[in-house]
Amino acid sequence: MVKVTYVAHDGARVTVEAEPGESVMQAALSNDVEGIIGECGGAMMCATCHCYVDEAWEVGAGARAEGEEDMLEGAASEVTGRSRLSCQIKLAPELDGLVVHLPEEQL
Amino acid sequence: MALAPRDETITLAQLTADPYPIYRRLRSESPVLRVAAVGRTLLTKASLTKAVKDDPELFSSNDPATPMRPAFRAHTLMRKDGAEHMAERTAIAPALTPKRIQADWGPLYEKLAEEYISRLPRGGTVDLFKALCGPLAARILAHILGIPEATDDEMQRWSQALIDGAGNFGWAPEPFAASDRANDEMDALLERLRPLRIAEPDGSAYSVMLTAENPVPPSQIAATIKIAIGGGINEPRDALATALFGLLDNPGQLAEVKAQDAWGKAFEEAIRWVAPIQVSSRLVTRDTELGGCEIPAGDTVMTVQASACRDEELYENGEEFFVFRKKNPHQAFGNGPHHCAGAHVARRTVGKIILPMLFDRFPDMRLATREDVQWRGFGFRGPVNLPVALN
Ligand code: HEM
Ligand code: FES
C-alpha cells in the first residue's frame with residue numbers, strides 16, 4: 001500500500017492508503033476525500049482533479065503528461081508550477097508518503 | 001453466460017412521458033436490458049454507465065452509421081475516438097475554460113442576463129421557459145461561439161433541427177429536410193464571419209479555432225460549432241428550467257439556498273435530478289460482459305445517465321430534488337473522453353450568474369400552478385413550459 005496525504009485548502013489533512021497503480025484522483029475518490037471531483041474519470045477532459053504537489057515531492061511525482069498542460073488551463077483555481085491533474089499521477093511504492101495540496105475550488 | 005434479457009413491453013411513448021418509474025424498476029430487476037422499442041441495450045446502473053464511458057476502446061463513440069451524420073452533414077467529434085477526437089476537442093477547449101468565461105466574458109454574460117431578466121413583464125403569469133430560459137441560453141452561446149450575428153430564434157431553431165435530425169432513427173425525410181435547411185444557413189453565416197474572426201481574434205470558439213497555430217480543417221471547425229449549437233442551448237435551457245422548478249416547488253430549500261448562497265449546488269442537483277441529456281450510445285468493439293450478461297461485438301449499448309443519477313447505490317431518496325446532499329457525484333455531464341466540453345460554461349452561466357440574479361430581481365416569484373408544468377423527453381428531458389407569477 002502507498003500512503004497519500006491530501007491537504008485541503010483550509011489546511012485540514014487526510015491520509016489514505018492506496019493500491020499501487022491507482023491514480024491520486026482515484027485514491028481520493030475511493031476514500032471519500034473531499035476537494036477532488038474527477039468528473040471525467042481520468043480522461044484528462046475536465047480538470048476537476050487539480051492539485052498542487054507538495055514542494056518535497058515536486059521531482060518524485062514526475063513530469064506532466066502529454067496534453068496535461070493544455071487541460072490544466074481549464075482548472076478553476078490558480079495554476080502554478082506545482083499544479084498537476086491528480087488523475088495523471090500514478091501511485092507507485094516510490095511515492096509512499098506523497099503529499100498533495102488541494103485548490104480552493106474545482107468547478 | 002447468456003445475452004441480456006429482452007423487453008418488448010416498454011414503449012417510446014412511456015419513456016418520453018416519464019421514464020423514471022421504469023428506470024427505477026430496471027435498476028432493481030434488470031440493469032442490462034435489450035429494449036426492443038429503442039433497439040439498444042439499456043444500462044441503468046451508475047457503475048455500468050460509468051464503466052462504459054470510461055473505456056472508449058471497448059465502447060466506441062465512433063459510429064458513423066447514426067442519423068447524426070446526415071443531421072450535421074459531418075462526422076463530428078462526438079462520434080470520434082482517440083487522437084482524431086482529441087485534436088478537435090483540444091481545438092475548442094481554450095474558448096471554454098473557467099478563466100476565459102470568468103475574466104473575459106463574465107461581465108458580458110452578466111449584462112446579457114440583466115437585459116433578458118429586466119425585460120420580463122411584471123404583474124402577471126409568464127412562461128419563463130419561453131420568455132427567458134431558451135432565448136438567454138441562445139444569446140450567451142452565440143457570443144461564446146463567436147456568432148453573435150445569429151438571432152435568438154435562429155440559434156434555437158438550428159439547435160432543435162440538429163437535435164431532431166440526430167435523433168431521427170426512423171430515417172424519416174422531414175427532420176433531415178429541416179436540418180439541411182439549418183445547415184445551409186449555418187454554413188452561410190460561418191462563411192461570412194470567417195474573415196472577420198480571423199482579422200480580429202476575440203477569444204470566441206470560432207475565432208480560437210480559426211486562428212490556432214495548427215488549425216483543424218474548416219469542415220471540422222464548422223462541425224464542432226454545430227455540435228456546440230446542438231448541445232449548448234437546450235441543455236442549459238432545460239437545466240435552468242429544472243432548477244427553477246425544483247427551487248420554486250421547495251420553498252424551504254430555496255430559502256436555505258438564498259441564505260447560504262448555494263446556487264451552484266442547486267444547479268448540480270437540478271441536472272442530477274433530471275439530466276438534460278438522459279442517454280448516450282456506444283458501439284461495442286469486442287465481445288464482452290456487463291453486469292453478468294454477454295455483450296457481443298457490434299451491439300450498441302445505451303448508457304442511461306438519467307438513471308445513473310438516481311441510483312440507490314449512490315443516493316438516498318434519489319427520486320427527490322434535494323439540494324443539500326452530502327455528495328453529488330452525478331453523471332449529467334457524462335464522463336470519459338467525451339465529458340461535456342461546455343460544463344464550465346454551463347456551471348458558471350446558469351449556476352453562478354442567472355439563478356442568483358433572477359431570484360434577486362424577483363424574490364417573490366412563485367409557480368403559477370405546479371400541475372400545469374409539463375415534462376417531456378427520452379433522449380433529452382426537461383419541462384416544456386414554466387408558468388411563473390412575477391411581481
Ligand atoms: C447543463 C448543460 C449541459 C449538459 C447537462 C451537457 C451534457 C453533455 C453530455 C452528457 C455530453 C456527453 C455526450 C456523450 O458522452 O456522448 C456532452 C458533450 C458535449 N457538450 Fe455538453 N452539456 C451542457 C452544456 C453544454 C454547453 C453550454 C456547451 C457549449 C458551450 C456544450 C458542449 C458540448 C460539446 C462540444 C460536447 C462534445 C464533447 C466531446 O464529444 O468530446 N455542452 N454534454
Ligand atoms: S479526472 Fe478529469 S482531468 Fe483528471
Side-chain angles (χ1 to χ4, degrees), chain A residues 6 8-10 12 14 16 21-52 64-81 83-88 90 102-107, chain B residues 46-47 49-57 61 77 81-83 85-87 89-103 208 212 263-265 267-268 271 305 314 326-348 350-352:
Chain A
Y6 301 85
H9 189 69
D10 66 6
V14 193
V16 309
E22 264 191 314
S23 72
V24 172
M25 178 276 285
Q26 285 161 337
L29 260 55
S30 43
N31 290 284
D32 276 338
V33 176
E34 278 180 42
I36 287 193
I37 299 175
E39 193 165 72
C40 77
M44 258 207 305
M45 282 295 168
C46 71
T48 65
C49 64
H50 179 199
C51 73
Y52 307 101
R64 289 178 184 163
E66 195 190 329
E68 188 175 339
E69 197 99 24
D70 287 343
M71 197 59 227
L72 270 170
E73 280 299 305
S77 294
E78 190 198 355
V79 175
T80 72
S83 285
R84 292 292 310 270
L85 294 174
S86 61
C87 65
Q88 301 303 313
K90 288 265 175 299
L102 304 180
E104 189 171 2
E105 50 178 6
Q106 297 280 16
L107 295 182
Chain B
S47 53
T49 55
K50 184 163 163 54
V52 164
K53 285 199 165 182
D54 279 349
D55 190 345
E57 273 162 36
S61 288
L77 84 163
D81 293 328
H85 165 256
M86 193 63 164
R89 173 78 184 233
T90 315
I92 191 172
L96 306 176
T97 66
K99 286 176 208 89
R100 195 40 85 54
I101 297 154
Q102 194 133 313
V208 163
W263 303 104
K265 273 193 151 155
F267 171 77
E268 300 298 328
I271 61 175
Q305 45 262 16
L314 295 178
K326 254 210 158 109
K327 301 200 90 180
N328 196 351
H330 65 70
Q331 298 178 16
F333 285 120
N335 43 275
H338 293 275
H339 175 266
C340 178
H344 286 301
V345 172
R347 285 182 158 126
R348 271 153 207 262
V350 180
K352 300 206 169 152

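Letters A, B, ... are given to chains in the order of the sequence lines, protein chains preceding strands, and every chain is numbered from 1.
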- Note on the structure: So, the part of Gln102(B) with a heavy atom under 4.5 Å from chain A: the answer is neither
- Task: Counting only heavy atoms closer than 4.5 Å, note whether Lys53(B) contacts chain A via side chain, backbone, both or neither.
- Result: neither
- Taking every heavy atom of Leu107(A) against every heavy atom of Lys352(B), the minimum-distance pair comes out as O-NZ, 3.7 Å
- From Thr90(B) atom OG1 to Met44(A) atom CE, the distance as rounded to the nearest 0.5 Å: 9.0 Å
- Are Arg347(B) and Glu39(A) ion-paired here, with the side-chain N under 4.0 Å from a carboxylate O? yes
- Pairs of heavy atoms under 4.5 Å with chain B: top-ranked of Leu29(A), Asp70(A), Asp32(A), Thr48(A): Asp32(A)
- Message: For residues 336-344 of chain B, give me every residue with a non-hydrogen atom less than 4.5 Å from any non-hydrogen atom of chain A.
- Response: Gly336(B), Pro337(B), His339(B), His344(B)
- Message: Rounded to the nearest 0.5 Å, what separates atom CE in Met86(B) from atom CD in Glu66(A)?
- Response: 8.0 Å
- Please look at Gln106(A) and chain B and tell me whether the side chain, the backbone, both or neither of the residue comes under 4.5 angstrom of a heavy atom of that chain. backbone
- Message: To the nearest 0.5 Å, what is the distance between CZ on Arg89(B) and CE on Met71(A)?
- Response: 6.5 Å
- Task: With a 4.5 Å heavy-atom cut-off (strictly below), which parts of residues 92-101 of chain B touch chain A? List them by number.
- Result: Thr97(B), Pro98(B), Lys99(B)
